[in-house]
Amino acid sequence: AVWLVDRIILRRVDFDELQRLIDSDIESKETSAEVLEAVALRLAKAITAREFSWRELPSDVKLPADSVVIEIPTAEQPHFEIEFSRFAGGRRLLSDETALLASIATSTARRIDSIRVMHERCDREFREQEYSKLATEAQLKALRSQVNPDFLFNALTTIGYLIEASPKKAVETLMHLTKLLRAVLKTTGEYSTLGDEIQLIEDYLDIERARFEERLVVKIDVPSELRAVSIPPLILQPLAENAIKHGISESKEGGHLVISAEKHNVNDAEILKMTVRNTVGAKKLHDVSLSNGLGLQNIRDRLKAYFGAEATLTLDFGSDGWTTAEVKIPLGSGARIAA
């Protein structure tokens, strides 16, 4: 008799099975709207409601007399309600069906609360990433603004020396400086190429050769296939300038400057190693270490801003009379092959 009334006359569904189906439906939904739509659709079919709708609360909608409304008790606003109307055969809900709707309303609210927390966490992480990105970009701009003036002042000092020592060479060097400044001042992008950096160094060395003449011996060993690799701008040039200012210029005999680049595989990761080596003459090692100042710290700060702990700048004051500055950057993250 119970089965006849429930299944045939009232067409009532299995409450436990309905609860399981609804829980399964809403578990895969990712928005409040999707959850509410899925719950309303299942319940409308279960309680033979021909029409249903959901909306946010508070609502001033005038409801039909024969409608049934359940409130979704979410932890925070906005709250929602689902309305069912136009029941088949004019049926009315029994007490156990009302209890079922209340139970489903609670589980629906918990799922919506969970979705909200997940979305809030994602939004917070996204905002934190954006803030971190903006802070990094601001730091890079500040660090880069420190490089160009120092580079310009040092170049002008060289020109000033040549004006007194050799006016003709000063004019030639001024032309080199013009070319050099064009290259430096247009270096405003996030990345340059290793080839552009080498060209910048060669332009700088054209100025220094006018002062040192045959006392400055330069060797550049950078394979052509690596010159298209993208690197942060003005990384190697300050090292070359540092080598001449704090090493070679201190020796009456001048010295040698060697610039090289090569690619290595370390733990299945590609690393670009760039080296600037120079002779230091008779200068004492503890005096040479004084060159490890603001210019080199600037390079370290910029490498950290671009690559984090994956990039390094190291100095080695060798007992053989050579100083070596070595920069390593990962090829798989920041450094790229230019198109």
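Excluded from the calculations below are hydrogen atoms, water molecules and symmetry mates; all remaining heavy atoms, backbone and side chain alike, are included.
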Item to check | Residue pair E208, K245: steps toward the side chain to side chain contact (heavy atoms under 4.5 Å, CB included) verdict | outcome: CA-CA 10 Å; E208 294 295 2; K245 180 179 179 181; over 6 Å; no

Whether the side chain of [X] engages the backbone of [Y] through a donor-acceptor N/O pair (distance < 3.5 Å, no angle test) should be reported.
X    : Y    : value
R116 : E76  : yes
T48  : A44  : no
R124 : H119 : no
E56  : P78  : no
E34  : E30  : yes
R111 : K29  : yes

Can you hop from [X] to [Y] via hydrophobic side chains spaced under 4.5 Å?
X    : Y    : answer
I271 : L239 : no
L226 : Y306 : yes
I244 : V218 : yes
Y204 : V171 : no
L41  : L21  : no

Item to check | No-hydrogen, no-angle side-chain donor-acceptor test under 3.5 Å, E83 and W54 | outcome: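 E83 vs W54: no donor-acceptor pair found between side chains.
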
Item to check | Side chains of T108 and R110, donor plus acceptor under 3.5 Å | outcome: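 Side chains of T108 and R110: no pair found under 3.5 Å.
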
I want to check something: taking the side chain as every heavy atom from C-beta on, are [X] and [Y] in contact at a cut-off of under 4.5 Å?
X    : Y    : answer
N242 : N278 : no
D113 : V117 : no
S53  : I82  : no
K168 : E172 : yes
P73  : H79  : no
S260 : V222 : no
D221 : V258 : no
R277 : L257 : no

Is a salt bridge present between [X] and [Y], judged by a nitrogen-to-oxygen distance below 4.0 Å?
X    : Y    : value
D206 : R209 : yes
E270 : K263 : yes
E81  : R55  : yes
K328 : E326 : yes

For a quick test of reading the model, state the closest non-hydrogen atom pair linking [X] to [Y] and the distance between them.
X    : Y    : value
I26  : S107 : CD1-O, 4.1 Å
S192 : D196 : OG-CB, 3.4 Å
R50  : F87  : NH1-O, 3.5 Å
I220 : R227 : CG2-NH2, 4.2 Å
T74  : A109 : N-CB, 3.7 Å
L313 : L296 : CD2-O, 3.8 Å

Next on the checklist: Please check if the number of heavy atoms outside K304 that lie under 6.0 Å from its NZ is greater than 12.
Outcome noted: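 Atom NZ in K304 is not crowded, with 12 or fewer foreign heavy atoms closer than 6.0 Å.
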
Item to check | Heavy-atom neighbours of E17 CD exceed 12 at 6.0 Å | outcome: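 Correct, the count exceeds 12.
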
Gap separating the [atom1] atom of [X] from the [atom2] atom of [Y], nearest 0.5 angstrom:
X    : Y    : atom1 : atom2 : value
I235 : I329 : CD1   : CD1   : 8.0 Å
F307 : I231 : CZ    : CD1   : 8.5 Å
L205 : H176 : CG    : NE2   : 11.0 Å
L101 : E71  : CG    : CD    : 13.5 Å

Checklist entry - Which of parallel (below 30°), tilted (30 to 60°) and perpendicular (above 60°) describes H256 and W322? => result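 Tilted: the ring planes of H256 and W322 meet at 30° to 60°.
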
Checklist entry - Is there a side chain to side chain contact (heavy atoms under 4.5 Å, CB included) between T98 and V68 once you walk through the steps? => result CA-CA 10 Å; T98 302; V68 173; over 6 Å; no

Item to check | Residue pair L43, F52: steps toward the side chain to side chain contact (heavy atoms under 4.5 Å, CB included) verdict | outcome: CA-CA 9 Å; L43 286 179; F52 65 88; over 6 Å; no

